[in-house]
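In this text the structure is predicted, and so the values were computed from the model without any measurement. In what follows, every chain begins at residue 1, and chains take the letters A, B, ... in the order their sequences are listed.
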Amino acid sequence: MKAGSQESGVRSRKRKARGGMLRRGPVLSFVLCLLSLLSSGCVGVQSALDPAGPQAGRIGGLWWLMLYTLSAVFLIVMCLLLVAAFKQRRSPVALTAEAPDTQPDASRERRMSRAVISGVSMTIIILFVLLVSSFLTGRALYSIASTGDSALTVEVTGHQWWWAVKYDNHVPSQIVTTANEIHIPVGQPVLFKLTSQDVIHSFWIPNLHGKTDLIPGHVATTWIRADRVGTYRGQCAEFCGYQHAHMAFNVVVESPEQFKAWYDAQLRPAATPSNAERAQGQQVFLTSPCIMCHKIQGTDAGGAVGPDLTHIASRQTIAAGTLENTREHLAGWVLDSQKIKPGNRMPQNNLEAQDLQALLDYLQSLK
Amino acid sequence: MEARMRHKMRLARIVITFTMSLILCLMLISCEREERGFRVEPPSASRINSKTLSDLQPGARLPVVAVKNEYEENAYAVSEGKRLFDAYNCTGCHSHGGGGMGPPLMDARWIYGSGPEQIFSTIVEGRPNGMPSFRNKVPDFQVWQLAAYVRSMSGQVAKDVAPGRDDDISGKTPESSTEKINPKPSAGVPKSAEMPQ
């Protein structure tokens with residue numbers, strides 16, 4: 001007991017000695033944390049403030065203009081409010097019932113009218129500037145030059161909770177289907193045709209463009225151009241159910257040559273199993289519930305309920321941007337996806353260890 | 001007199017407080033209508049192994065115990081069954097219950113029985129001349145969801161459980177508005193549905 005109190009005494013003395021620093025420490029680190037959190041929004045793979053295309057650039061410009069203008073307005077209004085609150089009246093008027101102040105002071109009235117008029121006109125001017133710039137931004141967003149019929153057309157269909165992607169082409173053998181990952185060539189306007197299979201979703205790649213809603217039974221179109229090579233993250237931006245937060249996708253912007261190579265690779269049917277394990281894995285796939293929902297082109301699996309897995313190994317993520325595409329994640333997902341993403345449409349699968357390993361071998365060979 | 005009045009008032013206050021709190025407690029119950037089980041199977045699922053195709057058996061005849069499908073009391077499970085009915089292409093043959101290539105599922109005539117366990121084995125085993133076997137293709141819990149939905153088509157599940165509307169345009173009345181049709185066994189097995197030849 002005594003030893004304890006002594007010890008705490010020593011501790012409190014130490015605390016006193018470092019008092020200043022200790023007191024400032026948490027506040028400082030909190031402010032730094034806040035600042036770093038705020039500034040982390042300015043760059044990154046999913047940020048409207050780090051534009052990688054002309055449209056996101058216009059949206060970013062408008063955002064900064066609004067931020068600066070409105071911050072200035074806020075500061076001015078707050079200053080005026082403080083001034084008004086703390087200013088001493090120069091000539092306190094004695095308010096008495098006998099002599100109410102009914103005679104307006106002409107010079108004061110003039111002064112006040114001037115103040116009101118200038119305030120109202122400032123407001124109108126600011127609103128007008130913002131309105132016009134927002135109108136111009138809106139026009140610029142949708143004036144991306146189309147390249148006619150030859151434009152790359154990507155059909156994106158929202159599902160609870162993943163994205164089906166189809167590169168349309170008038171030659172049927174040139175149509176590519178994939179899921180949760182979109183590749184586009186740099187510097188070329190791409191036409192997106194957006195629709196939904198179940199509920200309203202919203203297609204949003206903050207680094208490239210604003211949001212477009214995906215509405216069941218309706219095809220919305222939007223043009224997107226990316227001017228900077230890189231991988232960006234898109235996210236569903238309209239609450240669509242339990243796993244709305246885990247409904248993301250990657251957009252890979254690459255040079256036309258790289259895009260061509262990727263496209264040609266995606267056009268090929270799935271790789272045939274090159275060894276016994278992979279062949280067994282394919283058999284597991286074809287004789288288990290997998291075949292009911294998924295498609296692997298070049299095999300009997302032709303389901304269109306879940307994502308196309310023809311080239312699943314070439315994708316960066318699984319489960320719509322939820323997990324990195326690694327063997328371990330894939331195993332966990334196949335066995336019990338409900339633990340990773342509760343409510344998603346994939347049932348758990350009770351596979352024998354050997355069958356699971358074979359299935360993983362096969363899936364990882366689908367480059 | 002006044003004391004008696006006061007006593008009465010106090011009694012009334014106690015009774016009112018008690019009734020109100022009881023009502024509040026009862027209202028709380030309704031907050032949790034049912035569980036959305038993403039990883040559970042109905043507990044009766046294991047009993048299905050006892051289902052046989054023939055009534056004949058060696059020895060004394062055992063009493064038939066009906067299997068209850070707990071999913072028939074769970075609106076989420078029935079709506080999942082409705083979704084799967086479309087996703088697994090049951091509509092391809094049975095249409096939306098009215099029948100086409102396959103027999104209708106919303107009438108009173110059941111060739112292979114109308115019980116949950118009979119529908120379960122019809123889906124899992126398949127039936128002669130058309131109905132494919134979904135063994136190992138559809139997980140058991142989804143078969144139970146499908147069986148619950150199939151029974152909702154002829155009004156066999158409670159109205160507050162059956163789906164109230166379609167997700168897309170549909171011509172037929174929703175399952176929740178379907179009057180219960182009392183199933184009767186088929187009048188003689190149709191030629192197309194005789195036991196395996």
Spacing of NZ belonging to B:Lys137 relative to OG1 belonging to A:Thr287, to within rounding of 0.5 Å: 7.0 Å

Spacing of B:Asn136 atom CG and A:Ile291 atom CD1 [to the nearest 0.5 Å]: 12.0 Å

Close contacts, residues 148-162 of chain B versus chain A, judged by heavy atoms under 4.5 Å: none

Ranking A:Asn344, A:Asn349, A:Asp336 by heavy-atom pairs under 4.5 Å to chain B gives rank one to A:Asp336

Measuring heavy-atom distances to chain A, does B:Arg135 have an atom under 4.5 Å in its side chain, in its backbone, in both, or in neither? neither

A:Cys293, part contacting chain B, at a heavy-atom distance under 4.5 Å: side chain

Counting heavy atoms not belonging to A:Gln174, are there more than 12 under 6.0 Å from its CD? yes

Does any part of the side chain of B:Glu80, heavy atoms only, come nearer than 4.5 Å to the side chain of A:Arg345, both counted from C-beta? yes

